[in-house]
Amino acid sequence: MDQLKPGGGVNFDTSKRDNTDVNASPWSLDLGNAKLRPLMADTVDVGLEKYFGQGGYVSVGGFYKYLENYIYRQVNPFDFTDFEVPDGGTVGTRAGLSKQWLNGNAGRVYGAEASFSLPFANFTQSLDGFGVLASASYTKSRVREGGPDSISMPGLSKWVVNGTAYFEKAGFQVRASGRYRSKFLAEVSTISLARDMFMAKSEFVVDAQVGYTFQSGALEGLGVLFQASNLTNEPFVTYYNNDPRQIRDYQNYGRNFMAGITYKF
């Protein structure tokens with residue numbers, strides 16, 4: 001709804017008042033657009049699945065999405081000569097940038113994905129309870145704004161890969177999972193709490209879980225569980241100008257450990 005607002009607002013950043021570069025100007029103008037058309041898409045998905053054995057399967061697929069009326073924020077130079085400086089002081093420039101939401105050119109998003117589940121009991125009963133799960137997807141974007149060049153889609157990683165190894169038998173549950181995603185355009189909060197787009201670095205996160213549920217005796221139905229997430233202590237990092245060396249924000253969330261008890265009766 002904020003993109004559809006009919007008006008806008010002029011902002012002045014006093015910490016940048018002496019800058020003369022329009023890209024670092026203290027002046028900025030944010031505009032909505034009440035005439036925005038909704039984002040629409042024509043999509044095609046094709047998949048092939050094969051199931052076998054004790055819960056095993058293989059799946060491959062492809063997808064194609066033709067996006068119409070893509071919504072983007074256009075940035076243009078703007079002359080702020082007619083606006084007063086809020087505190088009455090001097091400024092290095094009266095030029096700044098205006099940002100307005102517009103409908104861009106059509107574009108395409110397409111790719112392929114594959115996944116499989118492999119219980120080892122399909123090979124030998126001595127490995128009953130062991131297994132692996134994995135999936136991967138590759139996505140390509142050919143979406144354009146107002147010009148001929150392709151842009152990054154928010155939240156879209158070219159590669160996403162997941163893998164899990166597990167053991168589940170006789171009440172025991174043990175599994176470890178890893179997830180990798182390549183760099184992507186992230187929508188994050190700025191200092192003023194407005195949402196803005198910045199590139200985020202690739203990440204690889206590892207989680208693990210160990211649990212046991214009593215199968216008989218006085219404790220039958222009682223389960224204990226221990227979970228650990230982000231064992232690799234992977235940070236969330238955004239950067240400027242498509243250059244990973246120009247760090248904008250570095251957030252280290254640390255590792256997270258949880259323990260729990262369940263009881264079924």
Side-chain angles (χ1 to χ4, degrees), residues 1-37 39 67 69-105 107 141-158 181-203 233-254:
M1 294 301 297
D2 62 318
Q3 297 174 354
L4 287 168
K5 64 184 179 183
V10 175
N11 303 302
F12 183 82
D13 187 344
T14 56
S15 66
K16 298 179 179 179
R17 67 183 314 134
D18 296 326
N19 292 344
T20 57
D21 183 0
V22 66
N23 293 307
S25 170
W27 300 97
S28 63
L29 174 62
D30 292 314
L31 295 171
N33 186 352
K35 295 183 178 181
L36 278 180
R37 299 188 305 275
L39 175 63
L67 303 180
N69 303 332
Y70 181 74
I71 298 172
Y72 75 102
R73 190 159 62 170
Q74 186 180 68
V75 180
N76 290 313
F78 190 86
D79 185 2
F80 289 86
T81 302
D82 294 334
F83 294 88
E84 295 183 1
V85 179
D87 58 6
T90 59
V91 293
T93 181
R94 287 283 183 167
L97 298 175
S98 68
K99 300 178 181 180
Q100 183 178 30
W101 295 103
L102 298 173
N103 288 108
N105 298 328
S141 170
R142 295 291 185 184
V143 176
R144 293 170 174 80
E145 293 182 345
D149 297 328
S150 297
I151 63 169
S152 298
M153 290 283 289
L156 183 66
S157 291
K158 182 177 290 187
R181 70 179 300 180
S182 56
K183 65 179 183 179
F184 62 99
L185 184 63
E187 185 180 18
V188 297
S189 295
T190 60
I191 295 177
S192 63
L193 298 183
R195 307 294 289 178
D196 209 340
M197 304 290 184
F198 296 95
M199 289 302 298
K201 283 188 174 183
S202 61
E203 59 184 20
N233 197 21
E234 194 78 356
F236 177 72
V237 182
T238 57
Y239 52 91
Y240 294 107
N241 304 320
N242 206 27
D243 184 352
R245 297 171 300 177
Q246 300 183 32
I247 302 297
R248 170 192 170 271
D249 188 29
Y250 186 101
Q251 300 182 35
N252 192 329
Y253 294 99

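Count residues from 1 along the sequence.
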Could you give the distance from [atom1] ([X]) to [atom2] ([Y]), rounded to the nearest 0.5 Å?
X: K158; Y: M153; atom1: NZ; atom2: CE; result: 14.5 Å
X: Q74; Y: L31; atom1: CD; atom2: CG; result: 10.5 Å
X: K16; Y: N23; atom1: NZ; atom2: CG; result: 10.0 Å
X: T20; Y: R94; atom1: OG1; atom2: CZ; result: 15.0 Å
X: D249; Y: T238; atom1: CG; atom2: OG1; result: 4.5 Å

Chi angles and distances behind the side-chain contact (heavy atoms from CB on, under 4.5 Å) call for Q3, N33: CA-CA 6 Å; Q3 297 174 354; N33 186 352; over 6 Å; no
Minimal non-hydrogen separation, [X] against [Y], with atom names:
X: A200; Y: F236; value: CB-CE1, 3.9 Å
X: V22; Y: G96; value: CG2-O, 3.5 Å
X: F12; Y: V85; value: CZ-CG1, 4.0 Å

Please check if the side chain of [X] supplies one atom and the backbone of [Y] the other of a donor-acceptor pair under 3.5 Å.
X: D87; Y: G89; value: yes
X: R17; Y: T90; value: yes
X: S25; Y: A95; value: yes
X: N69; Y: L39; value: no
X: S157; Y: S182; value: yes
X: N252; Y: P235; value: no

Is the shortest side-chain heavy-atom distance between [X] and [Y] below 4.5 Å?
X: R73; Y: Q100; result: no
X: L29; Y: K99; result: no
X: F83; Y: W27; result: yes
X: N76; Y: L97; result: no
X: D30; Y: N11; result: yes
X: L102; Y: I71; result: no
X: K183; Y: N242; result: yes
X: T93; Y: P26; result: yes

task: Going by the side chain to side chain contact (heavy atoms under 4.5 Å, CB included) test, name the single residue among L185, V237, D243 that passes it with M199.
output: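 The passing option is L185.
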message: Looking at F198, I'd like to know if the NZ or CZ of R248 sits under 6.0 Å from its six-membered ring centre while staying within 45 degrees of the ring's axis.
response: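 Cation-pi check for R248 and F198: passes.
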query: If you draw a 6.0 Å radius around CD in E84, do more than 12 non-hydrogen atoms from other residues or ligands fall strictly inside?
result: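 For E84, atom CD is not crowded (no more than 12 foreign heavy atoms under 6.0 Å).
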message: Please evaluate residues V10 and F80 with respect to the criterion side-chain contact (heavy atoms from CB on, under 4.5 Å), reporting the C-alpha separation (whole Å), side-chain torsions for both, the decisive distance (0.1 Å), and the verdict.
response: CA-CA 9 Å; V10 175; F80 289 86; 3.9 Å; yes
field: Full working for ring-ring contact (aromatic ring centres under 6.0 Å, His included) between Y70 and Y72
entry: CA-CA 7 Å; Y70 181 74; Y72 75 102; 7.2 Å; no
